[in-house]
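We name chains A, B, ... by the order of the sequence lines, and we start the count at 1 in each one. The basis for the numbers below is simple: all heavy atoms, side chains too, and nothing from hydrogens, waters or symmetry mates.
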Protein chains: 2
Amino acid sequence: MSKADKDHTTEERIKEAAREVFTEKGFAAARTRDIAERAGINLALLNYYFRSKENLFNIIMLENLHQFFSGLKGVLNDETSSLEAKIESIASNYIDLLMKQPNLPLFIMMEIRNEPQKLVEKMGIRDVLKNSYFMKQFSMAARENKPLHLLMNLMALIIFPFIARPIIQNVVDVDNTEYIQLMQERKKLIPRWVKALLRNG
Amino acid sequence: MSKADKDHTTEERIKEAAREVFTEKGFAAARTRDIAERAGINLALLNYYFRSKENLFNIIMLENLHQFFSGLKGVLNDETSSLEAKIESIASNYIDLLMKQPNLPLFIMMEIRNEPQKLVEKMGIRDVLKNSYFMKQFSMAARENKPLHLLMNLMALIIFPFIARPIIQNVVDVDNTEYIQLMQERKKLIPRWVKALLRNG
DNA sequence: GTCTATACAAAGATAGAC
DNA sequence: GTCTATCTTTGTATAGAC
């Protein structure tokens, strides 16, 4: 089966619909009937392909996590690029990803509470990050600071504006196009900020 | 009725239980039966005091938002304190609050998507922030940078580690007491970091 | 104000025909 | 593989006794 065909199988259509509904509503509020309807199929068919709502959810969740973290591996272990280049790349790639799927992080963080380590472990991020060339570079640059703090800061600067977007847009006056513009600016700004943070104790 | 008494009325006990269950599970996954049980009362009683699950939820939600933002007002409009002092105060107070209620922000952000402006407007944060003395000081210090970016950064540095805690703790090895320790450190660190960010373009 | 019992609605899952 | 019809479970809300 060709790639184009594969994208339009019933199974794929259901998964696509499920991804949308789950990320919009969260696991509990998502209804299998809605997923079926959006996929243009019958409810019974959903249970034919995926045995249960929970099973379907886990599959979607794993794919999301994979999408969210897999891009990292390549960057983290590139021994030729500088730390600055890596940070630029990470910021840029994540912001692009989050522009396409703005509520992915909120969704992941929300649902991950229910099954603590389970999902995270499956991804193997733990080891990838720990042994990465990036962490060596980063820890070196952090000097007397704890690298963990600065790692948190990096992720915070990238991800938080997307998580808090609904609130921010209501507290200050920025329409959608302006907000996108702001996020684009941050691709360039974040590396500079992180540099400043690394210099300062 | 005394304050101590009031805290133990059935109504208060239900609200307390509801706050816990809602923040743990979100609106959709929270079950009224669980709330009733945790409050040590009958399910019917919950509907006697609060007409519906949704009504109860809105009450809790407003109280949460109030708690989250009301402390700000005083700090923001203090014309005697320096910008640094304000930032220190904000960081310290928020971190203290979040240590007590770690999943409050995730809960707020998650549920706020369902009723965009409605809740935010009721709080009146918009005007408080916009006209605050803090924003004058902050914009001044930001110089050529957009204050909005730096405001995002400030909130990101404070809040994000609490939102992402479940993931972070699984990716790197830190137990609960260590994590609390880290958050305590950030009370002192964040003001320094923000200072560095303000200096750098 | 508080509880028991129950009606009512919604949602997940399955059986069986095609 | 796909659909219709239906079962079962679970959650919300109410009626009525004490």
May I ask you to verify if any side-chain N or O of A/Asn42 is less than 4.0 angstrom from the OP1 or OP2 atom of D/dT4? yes
Could you tell me how far apart B/Glu54 (CD) and C/dA10 (C1') are, to the nearest whole angstrom? 16 Å
Between A/Gly40 and A/Arg33, which has a closest nucleotide on DNA chain D that is more 5'? A/Gly40
Would one find a side-chain N or O of A/Thr32 under 4.0 angstrom from OP1 or OP2 of C/dG12? yes
Does B/Thr10 place a side-chain N or O at less than 4.0 Å from the phosphate oxygens OP1/OP2 of C/dT2? yes
Quick one: A/Glu37 CD to D/dT4 P, roughly how many Å, whole number? 13 Å
Assert yes or no for the condition that the ring centre distance of B/Phe160 to A/Phe160 is strictly below 6.0 Å. no
Rounded to whole angstroms, how far apart are CG on A/Leu45 and P on D/dA5? 16 Å
Of the listed nucleotides (D/dA13, D/dT14, D/dT4), which one gets closest to any side-chain atom of B/Ala44? D/dT14
Is any side-chain nitrogen or oxygen of A/Tyr48 closer than 4.0 Å to OP1 or OP2 of C/dA13? no
The side chain of B/Arg31 lies closest to which of these nucleotides: D/dT14, D/dT10, D/dC3? D/dT10
Where the side chain of A/Asn200 meets the backbone of B/Ala196, is there a donor-acceptor pair that is under 3.5 Å apart? no
If I take atom CG in residue A/Asn47 and atom C1' in nucleotide D/dT8, what distance separates them, rounded to the nearest angstrom? 13 Å
Aromatic ring proximity A/Phe68/A/Tyr94, centre distance under 6.0 Å: yes
Within the structure shown, what part of the strands sits under 4.0 Å from A/Ala29 by heavy-atom distance: base, sugar-phosphate, or nothing? nothing
In this structure, how many angstroms lie between the P atom of D/dA13 and the CD1 atom of B/Ile14, rounded? 14 Å
Any salt bridge linking B/Glu16 with B/Arg13? Criterion: basic side-chain nitrogen under 4.0 Å from a carboxylate oxygen. no
Does the pair B/Lys187/B/Glu88 count as a salt bridge with the N-to-O cut at 4.0 Å? no
Please report the distance, rounded to the nearest Å, between NZ in A/Lys53 and P in D/dT10. 14 Å
In whole angstrom, what separates A/Glu12's CD from D/dG1's C1'? 17 Å
How is B/Ala30 classified with respect to the nucleic acid when contacts are heavy atoms under 4.0 Å: base, sugar-phosphate, or nothing? sugar-phosphate
B/Tyr49, nearest nucleotide to its side chain (from C/dG12, C/dA13, C/dG1): C/dG1
Tell me: CG of B/Leu46 to P of C/dG1, nearest whole Å? 15 Å
